[in-house]
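Each remark here refers to the structure printed beneath this line.
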Amino acid sequence: MVGYAFMGVAHSHAWRTAPRFFDLPLAVDMAVVAGRDQAKVRAAAERLGWRDTESDWKALVDRDDVDLVDVCTPGDTHADIAIAALAAGKHVLCEKPLANSVAEAEAMVAAASAAPDLVAMVGFTYRRVPAVQLARQLVLDGRIGQIRHVRAQYLQDWIADPQTPLSWRLDRTKAGSGALGDIGAHVVDLAQFVTGEQVTGVSAVLETFVRERPVADDFTGLTGTSSGTGATGEVTVDDAALFLGRMSGGGLASFEATRFAYGRKNAIRLEINGSQGSVAFDFEDMNVLHFFDANDPVATAGFRRIVVTEPEHAYVAAWWPAGHGLGYEHAFTHQAVDLVRGIAAGVTPAPTFADGLQVQRVLDAVERSAAANSLWTPTTNEES
């Protein structure tokens with residue numbers, strides 16, 4: 001694994017947990033974790049369960065005891081690490097968004113295509129929440145009919161305070177974009193995954209509400225602590241993204257991503273309305289899916305609240321008795337399980353690097369539209 005901060009912790013937990021709850025066809029050996037600060041990476045390895053450390057990701061990629069490279073670094077390094085790992089004959093799991101640009105994502109897809117015997121997967125983990133899996137199944141089974149509306153939101157508040165210090169997520173050179181790529185990418189992927197359709201065009205606005213912030217001297221989780229010197233630095237990414245979209249099946253879509261929604265900690269909301277019903281999901285109540293069937297009798301019709309904790313639901317049989325809910329970390333474990341099974345079977349589980357590229361094209365179209373006064377912009381470079 002390359003990187004050991006927030007995502008590295010979540011991935012490490014998954015690698016430790018997956019073989020203890022699921023019957024896997026291959027053994028998981030947490031061989032080595034890499035990070036630039038040798039003292040910090042050694043401490044992380046001991047805490048998170050890694051056997052060895054490297055201070056250079058290139059040395060990690062070259063090791064004979066590494067079969068899979070898990071990329072948990074900021075977006076500006078994804079392409080270099082993933083392409084080098086594939087060239088060295090390693091399977092790759094790469095955190096989202098796949099890259100910081102369409103060109104980088106295209107290069108990563110090309111590298112994956114040149115190594116067809118290797119698995120190259122991107123980590124859109126919210127796909128693997130059981131309630132999301134059920135929503136997709138209901139849609140694919142035709143239970144809500146033709147898709148007419150998609151509403152997708154990802155609302156957080158962790159930088160709503162202007163005194164929250166700078167982090168790499170607020171630096172375009174490292175993150176590529178702000179709320180758009182960090183959290184907006186998730187709801188774009190979820191909308192496409194659940195509907196089985198793609199976003200074909202967008203009209204967008206982006207906004208940066210706080211353009212300067214205190215410089216940080218240390219980082220924990222998503223953010224850090226202020227240096228206390230009074231020094232400030234420029235925020236070079238968007239704080240919020242709003243865009244309308246058209247789905248490939250003809251339906252309309254709206255997307256919102258912000259880190260300025262006070263009181264919303266990790267509100268991923270997806271509602272899909274079709275010609276025969278609706279599904280609705282909110283990650284802050286992640287074990288529940290709401291389903292409306294328009295064919296029910298009018299007198300008793302209404303959203304039914306489905307508690308998605310039965311053994312019949314995706315992944316759940318490996319965990320706890322019915323009604324004992326899962327949490328944020330479980331989706332990462334499910335990701336590790338699907339990845340290991342894919343490697344054993346010689347197939348790349350979705351989302352593939354090609355899926356990650358498609359999301360990157362949507363993000364790129366959003367930025368191009370916002371820069372052109374919300375001009376309708378297709379998600380490819382072709383004119384529409």
Side-chain angles (χ1 to χ4, degrees), residues 1-11 34-37 40-41 44 55-57 71-83 94-105 107-108 122-123 154-186 188 204-242 257-261 266 356 359-360 362-364 366-368 370-371:
M1 187 174 73
V2 187
Y4 54 86
F6 174 34
M7 278 298 100
V9 173
H11 283 229
R36 290 171 297 181
D37 187 311
K40 289 183 177 179
V41 77
S55 57
D56 185 345
W57 65 261
V71 184
C72 295
T73 55
D76 63 317
T77 59
H78 286 185
D80 287 346
I81 299 171
I83 291 170
C94 184
E95 257 303 324
K96 61 84 229 154
L98 185 62
N100 278 3
S101 69
V102 169
E104 288 176 344
M108 295 170 75
V122 60
Y154 200 147
L155 312 177
Q156 296 179 334
D157 70 356
W158 64 273
I159 60 170
D161 182 351
Q163 294 307 306
T164 300
L166 284 167
S167 74
W168 68 264
R169 285 181 169 83
L170 305 180
D171 180 351
R172 186 175 180 84
T173 64
K174 291 183 173 61
S177 63
L180 174 63
D182 187 26
I183 57 180
H186 273 302
V188 170
V205 292
L206 300 174
E207 183 58 63
T208 303
F209 299 117
V210 178
R211 298 185 176 274
E212 284 199 359
R213 290 183 177 271
V215 173
D217 60 1
D218 195 18
F219 294 94
T220 304
L222 286 173
T223 185
T225 57
S226 172
S227 64
T229 63
T232 62
E234 183 183 5
V235 174
T236 54
V237 298
D238 58 279
D239 286 331
L242 286 171
T258 181
R259 300 184 288 208
F260 274 73
N266 206 49
V359 172
Q360 200 75 46
V362 177
L363 304 183
D364 178 70
V366 168
E367 291 201 296
R368 288 188 285 121

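Quick caveat: nothing in here was measured; it's all calculated off a predicted structure.
- Within the 4.5 Å cutoff, the side chain of Ser177 has heavy atoms near those of the Asp238 side chain.
- For the residue pair Ala370 and Leu206, the shortest heavy atom distance occurs at CB-CG, 3.7 Å.
- When atom types are taken as modelled, the side chain of Asp157 and the backbone of Arg259 share no donor-acceptor pair closer than 3.5 angstrom.
- Between the side chain of Asp37 and the backbone N or O of Lys40, at least one donor-acceptor pair lies under 3.5 Å.
- In terms of heavy atoms, Pro74 sits closest to Thr77 at O-OG1, 2.9 Å.
- For the pair Val235 and Glu212, the tightest heavy-atom approach, listed with the atom from each and the gap, is CG2-N, 4.3 Å.
- Between the side chain of His78 and the backbone N or O of Thr73, at least one donor-acceptor pair lies under 3.5 Å.
- Considering only heavy atoms from C-beta on, Glu207 stays 4.5 Å or farther from Asp239 through its side chain.
- Under the side chain to side chain contact (heavy atoms under 4.5 Å, CB included) criterion, Ser55 pairs with Gln38, not counting sequence neighbours.
- Considering only heavy atoms from C-beta on, Met1 comes within 4.5 Å of Cys72 through its side chain.
- When the side chain to side chain contact (heavy atoms under 4.5 Å, CB included) test is applied to Ala44, the partners found at least two apart in sequence or on another chain are Tyr4, Arg47, Leu48.
- Looking only at side-chain heavy atoms (C-beta outward), Ile159 and Leu170 come within less than 4.5 Å of each other.
- Residue pairs meeting the salt bridge (charged side-chain N to carboxylate O under 4.0 Å, His left out) criterion with at least one partner in residues 158-167, sequence neighbours excluded, do not occur; the list is empty.
- Among residues two or more places apart in sequence or in another chain, the side-chain hydrogen bond (donor to acceptor under 3.5 Å, both in side chains) test is passed with Thr236 by none.
- Across every non-hydrogen atom of Trp168 and Gly75, the tightest pair is CZ3-N, 4.3 Å.
- Using a distance-only test at 3.5 Å, with no hydrogens or angles considered, no donor-acceptor pair links the side chain of Thr208 to the main chain of Arg211.
- With respect to Asp182 and Lys96, a salt bridge is recorded, a charged nitrogen being found less than 4.0 Å from a carboxylate O.
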_Full working for side-chain contact (heavy atoms from CB on, under 4.5 Å) between Gln360 and Glu104_ = CA-CA 10 Å; Gln360 200 75 46; Glu104 288 176 344; over 6 Å; no
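- Take Asn266 and apply the side-chain hydrogen bond (donor to acceptor under 3.5 Å, both in side chains) test, not counting sequence neighbours, and it matches Tyr126, Tyr154, Gln156.
- Going from atom CD of Glu95 over to atom CZ of Phe6 covers 9.0 Å, rounded to the nearest 0.5 Å.
- For Ile81 against Val2, the heavy-atom pair with the smallest separation is CD1-CG1, 3.9 Å.
- Annotation for Leu363 and Pro97: closest pair CD1-CB, 4.2 Å, computed over non-hydrogen atoms.
- Residues Arg213 and Thr164 are in side-chain contact: their nearest non-hydrogen atoms beyond the backbone lie under 4.5 Å apart.
- Rounding to the nearest 0.5 Å gives a distance of 8.0 Å between CG of Leu242 and OG1 of Thr258.
- With values rounded to the nearest 0.5 angstrom, Ser167 atom OG is found 4.0 Å from Trp158 atom CH2.
- Here Arg172 pairs with Glu367 under the side-chain hydrogen bond (donor to acceptor under 3.5 Å, both in side chains) rule; sequence neighbours left out.
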*asked:* Checking Asp364 against Ser101 for the side-chain contact (heavy atoms from CB on, under 4.5 Å) test, could you report, in this order, the C-alpha distance in whole Å, the side-chain angles of both residues, the deciding distance, and whether it holds?
replied: CA-CA 7 Å; Asp364 178 70; Ser101 69; over 6 Å; no
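- A donor-acceptor contact shorter than 3.5 Å links the side chain of Asn100 to the backbone of Lys174.
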